[in-house]
Amino acid sequence: MFNKPLISFTKDKPPAPAEVPDAAQVLAVTLLVSATTAPLLPYLHWQVNAFLLLLLAVRLAGWRWPHTLPKTWLRVLLTLTGIANCVYVNHTLVGLDGGAALFATMFALKLLELNTKRDLRLVAILIGFLIVIQFLFDQALSRAIYLGFMVFFAVVPLADLNGGLGNGNRWRGALRIAGNLALQAVPLTVVLFVLFPRLNAPLWNLGLDSGQAMTGISDSMEPGAISDLAISGELAFRVRFTGTPPPASQRYWRGPVLWEMDGRRWSAAQVAAPVPARLENVADVIDYEIVLEPTQQKWLFALDVPVTTPAEAVRNADLQLLAKQPLITLKRYAVRSALTYQTAPATATQRARALQLPRNLTPRMRELVADWRSHAADDWALVQEALAFFHRESFYYTLQPPRLGVNPTDAFLFETKQGFCEHYASAFALLMRIGGVPARVVLGYLGGEPNRLSGHWSVWQSDAHAWTEVFIDGRGWVRVDPTAAIDPTRIDNSGATRLLGAGQSVRFNLDQASILAQLARNFRLFGDTVNAAWQNWVLDFSAADQLALLDQLGFGALREYGLAVLMIIAVSLTLGVIMLALVRERVKYDPLEQCYRQFCQRLARIGLARQHHEGPQHFGQRIIKQRPDLMVAVKRFLAVYIPARFGVQADDDAVNQLKTLLRRFHPRMRR
């Protein structure tokens with residue numbers, strides 16, 4: 001039994017004619033695999049995608065010209081090349097990225113040997129595994145709907161390949177079977193979703209980390225870092241306030257705090273461990289809940305400043321919330337923040353770090369600050385001098401600033417005078433340090449968009465913002481937003497965005513008075529509402545929610561065992577109802593057969609039932625023999641039915657004649 005080689009280079013025995021798929025079946029399965037793989041491509045390396053597209057092109061060429069399909073030895077070479085390609089780009093064949101790339105490659109290679117119907121059935125079944133892999137990367141509603149259609153269409157070729165659909169309208173029959181199966185699966189799917197015991201963590205969070213870069217705030221800033229986010233339409237997080245939402249001027253969502261400046265880039269300080277931060281004079285406290293999109297980072301955003309710490313998180317000395325693990329899935333957490341507060345005095349280490357200066361300072365930068373200092377009575381007055389400078393001079397706010405040289409701050413202050421929030425925050429913090437005022441840069445988001453349909457607020461990547469904090473004796477760290485000091489007449493709208501007043505978020509420049517803008521905004525809010533509902537009711541449906549459901553149904557005392565019992569009972573009842581519906585389903589007959597059945601049923605009601613072995617002619621002869629009074633009616637009916645049923649072709653006239661005869665045929669029992 002072990003004499004057969006693993007790989008045979010001899011010519012394979014041709015399959016039986018009944019097992020050879022036709023061209024339409026091969027093309028349907030190939031296109032289905034391509035459509036199912038398409039959403040996975042953005043998560044794979046471009047070299048893996050290129051190899052997949054090559055295999056698809058070879059498969060399509062082989063469909064048109066079968067002799068171009070690679071032979072066995074070439075398929076072996078392509079297999080080894082595909083594996084090597086996956087190892088080269090991912091450095092592994094396991095894990096989320098490496099495993100997904102390997103499975104997609106092997107799946108595409110299988111398309112090169114669709115020689116029998118068995119191969120097509122196997123590919124159609126494996127599509128289910130390909131779909132599951134994609135949910136490990138993203139569980140968005142749009143992806144779920146799209147892949148749901150792919151599951152439906154995967155059943156269609158399976159129905160066609162297994163026959164029993166007749167020779168006419170084969171694809172219509174396959175679609176009908178797939179539709180019936182989908183309808184039967186819906187109640188069972190709902191029951192299993194609600195009652196199937198759940199893990200404490202979702203499958204996609206069990207160590208299957210992906211190295212894919214995520215859009216969002218980073219822990220460093222240089223010219224252009226945030227303006228790239230300002231044109232992004234992706235969601236950053238959703239917020240639901242317990243009480244009245246804060247005013248626009250207070251919706252600063254705190255993220256990473258940057259201390260170190262090398263002349264071009266700001267970066268976070270390297271602190272060995274979180275240090276508790278003390279707050280004083282806390283007031284205007286507000287409670288809210290955030291659902292944060294995955295960022296592959298540890299930081300959690302909160303209103304400036306958070307006074308409580310969510311579970312599985314810490315608050316460091318910069319008043320920033322940090323999760324204990326990188327966020328590879330959606331994170332839901334509740335926070336309490338203070339809109340009015342005062343920080344404790346800065347330590348000597350903090351003051352020294354907040355006064356550190358780069359080496360590329362220029363004399364005119366020092367002269368500018370020296371002039372301000374000569375007019376300022378204290379540090380806060382120096383801050384006001386700097387803000388007045390940005391407001392008075394011809395500084396412009398734009399998303400498309402000119403390129404800066406090796407000294408970006410000097411070029412921005414004295415030459416271009418055009419930039420985005422990172423330009424103003426960086427320059428302002430550096431000028432304050434030159435003047436002896438400790439300063440640091442804070443990254444986060446500013447603003448938020450209310451969604452009246454769902455009651456939550458949406459904060460988008462386009463709300464990304466940078467501002468500064470200066471340390472003032474007796475007041476602690478004070479937030480200062482130099483971008484808000486720009487004269488509104490010098491805001492450049494040509495970059496497709498605008499600043500909606502001081503202290504407000506950066507939004508796309510849509511004329512809210514136009515009907516098109518209103519429709520676009522309403523459509524966006526509706527989509528966000530649907531996604532929020534999908535997140536709340538589907539993705540966040542946890543084991544705790546299941547146990548709460550058990551309590552409401554009176555099974556709370558049974559806990560997990562009650563959940564299992566309830567699931568078995570519900571599944572059994574659901575399957576029973578489905579089976580009962582299938583058993584009671586009426587068989588559809590053609591019009592001729594339907595007329596003949598009605599004819600036989602009316603005779604059966606008077607005790608003249610047709611025997612299973614009797615054909616129409618013999619049945620009619622027996623009826624005439626037993627009931628001569630029915631001879632005329634029976635002969636007329638059978639004279640039309642028999643030629644129409646067993647002739648060359650039945651026509652509509654015969655059906656109409658039979659229906660007319662049936663309307664007059666009402667036999668009665670003998671008295």
Side-chain angles (χ1 to χ4, degrees), residues 42-43 97 209-237 252-272 274 290 292-304 306 313-331 333 353-354 356 358 399 401 403-404 408-409 412 419-430 439-448 459-469 479 481-483 497 505-506:
Y43 300 97
D97 294 330
D209 192 4
S210 173
Q212 294 290 329
M214 307 295 290
T215 301
I217 297 292
S218 66
D219 59 350
S220 63
M221 183 191 74
E222 60 180 318
I226 298 181
S227 56
D228 291 340
L229 290 180
I231 59 176
S232 171
E234 296 185 18
L235 181 70
F237 53 88
Y252 282 81
W253 304 94
R254 189 181 191 87
V257 180
L258 312 183
W259 295 79
E260 299 177 358
M261 170 60 161
D262 62 3
R264 184 176 184 87
R265 175 192 293 266
W266 286 84
S267 57
Q270 301 298 323
V271 181
I290 290 180
L292 180 62
E293 295 290 310
T295 60
Q296 300 286 3
Q297 306 292 348
K298 291 185 177 182
W299 42 77
L300 306 176
F301 295 94
L303 275 179
D304 201 4
V314 295
R315 191 185 68 176
N316 63 14
D318 298 337
L319 298 173
Q320 179 191 1
L321 297 178
L322 296 171
K324 295 183 178 180
Q325 298 294 333
L327 304 181
I328 61 175
T329 61
L330 288 161
K331 173 70 174 178
Y333 55 96
R353 187 182 296 122
Q356 174 260 336
L399 282 181
R403 291 184 176 274
L404 302 175
T409 304
F412 166 70
F420 193 56
C421 61
E422 68 258 37
H423 297 82
Y424 292 96
S426 174
F428 181 85
L430 191 56
R440 60 191 185 186
V441 175
V442 183
L443 301 182
Y445 298 90
L446 175 57
V459 179
W460 308 90
Q461 295 295 349
S462 56
D463 293 319
H465 195 56
W467 61 93
T468 59
E469 288 182 336
R479 180 178 65 233
D481 191 350
T483 310
T497 60
S505 62
V506 176

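With contacts defined as side-chain heavy-atom distances shorter than 4.5 Å, the pair Arg353/Trp259 qualifies. At a threshold of 4.5 Å between non-hydrogen side-chain atoms, the residues Pro256 and Met221 do not count as touching. Side chains of Leu258 and Leu443 form a contact here, defined as non-hydrogen atoms less than 4.5 Å apart. Asp262 places none of its side-chain heavy atoms less than 4.5 Å from the side chain of Pro358. Residues Phe301 and Leu321 form no side-chain contact, since every pair of their non-hydrogen atoms from C-beta on lies 4.5 Å or further apart. Residues Thr483 and His423 form no side-chain contact, since every pair of their non-hydrogen atoms from C-beta on lies 4.5 Å or further apart. Looking at heavy atoms from C-beta onward, Tyr445 lies in side-chain contact with Gln461 at the 4.5 angstrom threshold.
Ring-centre distance between Trp467 and Phe428: not below the 6.0 Å cut-off.
Side-chain contact check for Trp299 and Asp219: no donor-acceptor pair (N or O, by modelled atom type) lies under 3.5 Å. Tyr252 and Asp481 form a side-chain donor-acceptor contact under 3.5 Å, judged by distance and modelled atom types alone.
For Pro401 against Gly419, the heavy-atom pair with the smallest separation is CB-CA, 3.9 Å. For the pair Ala464 and Cys421, the tightest heavy-atom approach, listed with the atom from each and the gap, is O-SG, 4.4 Å. Between Ser220 and Arg265 the shortest heavy-atom distance is OG-NH1, 3.0 Å. Across all their heavy atoms, Gly263 and Pro408 have their closest contact at O-CD, 3.6 Å. Minimum heavy-atom separation, Thr409 to Ser426: OG1-OG, 4.2 Å.
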Any chance you could lay out the salt bridge (Lys or Arg N to Asp or Glu O under 4.0 Å) test for Arg479 and Glu469, step after step, and finish with the verdict?
-> CA-CA 4 Å; Arg479 180 178 65 233; Glu469 288 182 336; over 6 Å; no
List the steps, then state whether side-chain contact (heavy atoms from CB on, under 4.5 Å) holds for Tyr333 with Leu300.
-> CA-CA 9 Å; Tyr333 55 96; Leu300 306 176; 3.7 Å; yes
Chi angles and distances behind the side-chain contact (heavy atoms from CB on, under 4.5 Å) call for Leu322, Asn316 = CA-CA 7 Å; Leu322 296 171; Asn316 63 14; 3.6 Å; yes
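Partners of Ala429 by side chain to side chain contact (heavy atoms under 4.5 Å, CB included), not counting sequence neighbours, listed by chain and number: Trp266, Ala439, Val441, Thr468. A search for side chain to side chain contact (heavy atoms under 4.5 Å, CB included) contacts involving Lys298 returns Pro326, not counting sequence neighbours.
Within a 6.0 Å radius of CD in Gln325, other residues, nucleotides and ligands contribute 12 heavy atoms or fewer.
Checked by atom type and distance alone, the side chain of Arg254 pairs as donor or acceptor with a backbone atom of Asp318 at under 3.5 Å.
To the nearest 0.5 Å, atom CD of residue Glu260 and atom CD of residue Gln356 are 6.5 Å apart. Distance check: Leu446 CG to Ser462 OG gives 11.0 Å after rounding to the nearest 0.5 Å.
The side chain to side chain contact (heavy atoms under 4.5 Å, CB included) test with Trp253 is passed by exactly one of Ile290, Asp463, Ile217: Ile290.
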